[in-house]
Amino acid sequence: AVTKNLASHHGYPINAGQELLALGAANIVGSCFSCYPVTGSFSRSAVANTTGAQTQLAGVITALGMLLVLLFLTPMFYYLP
């Protein structure tokens, strides 16, 4: 639903079958290497669209922010249940 909404909002075509095939292929290859299952990150796509992200750099910046939090602020979360 989010994919169709984003595609109609921005005016680009989508092929749901191609997306499903890509996710399935990634899961089959990943199962040979004990990987986590692959899914589409609809909530992250919706947030990135709402905040005005234009490129994949937004995901890189988010990952770096999470890495910094995990490296330097983890002791602050020690006593949380």
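Atom set for the values below is all heavy atoms of this structure, side chains included, hydrogens, waters and symmetry mates excluded.
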With a 3.5 Å cut-off and sequence neighbours excluded, list the donor-acceptor pairs that the side chains of residues 62-81 form with protein atoms.
residue	atom	partner	partner atom	Å
T62	OG1	A58	O	2.9
T74	OG1	L70	O	2.3

Pairs of donor and acceptor atoms involving the side chains of residues 46-54, under 3.5 Å and at least two apart or interchain, shall be tabulated with distances.
residue	atom	partner	partner atom	Å
N49	OD1	H10	NE2	2.6
T50	OG1	A46	O	2.8
T51	OG1	V47	O	3.1
T51	OG1	A48	O	3.1

Seminar exercise, completed: In short, I14 meets A7 closest at the heavy-atom pair CG2-CB, 3.5 Å

For this session: Decide if atom OH of Y12 counts as having more than 12 heavy atoms of other residues, nucleotides or ligands within a radius under 6.0 Å.
Result: yes

